[in-house]
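Residue numbers start at 1 and run along the sequence shown. Everything numeric here is computed off the predicted structure, so don't read it as measured data.
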Amino acid sequence: MSTMTLPETDVRPENTEQTTDDRPEVFHYVQKDKIAESAVMGTYVVALCGEVFPVTKSAKPGSPVCPDCKKVFEGLPPGGDD
C-alpha cells in the first residue's frame, strides 16, 4: 500500500457561497500553490470538498471553514516538507 501526500493546503473562500442573511460565507481548503495563480489569472481551483471556483478573497483567522473540506483535511495523513 502506498501513501500519497497532497501539496500544502490553505483556506480560501468560494465566491458562490455568499449569503444574503446573517450567515457568514464559508472558506474552503485548496492547494496553496494554486491560490496566487487563481487570484491573478482568474483560473479555477478545486477545494478538498470538490467545489470548483476562482479565488477572490482571503480568509481571516476565525473565519468559518467548509465542514466537508475540514473533514477531508483532518482525514489526510501528515504531509512532508518537500
Undergrad: How long is the straight-line distance from CZ of Phe27 back to OG of Ser58, given to the nearest 0.5 Å?
TA: 8.0 Å
Undergrad: Name the orientation class of the two ring planes belonging to His28 and Phe53 (parallel below 30°, tilted from 30 to 60°, perpendicular beyond 60°).
TA: tilted
Undergrad: Apply side-chain contact (heavy atoms from CB on, under 4.5 Å) to Val65 and Val26, showing your working.
TA: CA-CA 5 Å; Val65 176; Val26 297; over 6 Å; no
Undergrad: Could you measure the distance from the NZ atom of Lys34 to the OG1 atom of Thr43? Nearest 0.5 Å is fine.
TA: 8.0 Å
Undergrad: Within this structure, what is the OG-CD distance for the pair Ser63 and Glu25, rounded to the nearest 0.5 Å?
TA: 8.5 Å
Undergrad: Using modelled atom types only, decide if a donor and an acceptor are shared between the side chain of Ser38 and the backbone of Val55 within a distance under 3.5 Å.
TA: yes
Undergrad: Can you give me the closest heavy-atom contact between Gly42 and Pro54, atom names plus distance?
TA: O-CB, 4.0 Å
Undergrad: With rounding to the nearest 0.5 Å, note down the distance linking OH in Tyr29 to CD in Glu74.
TA: 7.0 Å
Undergrad: Going by heavy atoms in the side chains, are Val45 and Ile35 under 4.5 Å from each other?
TA: no
Undergrad: To the nearest 0.5 Å, how far apart are CG in Leu48 and SG in Cys66?
TA: 9.0 Å
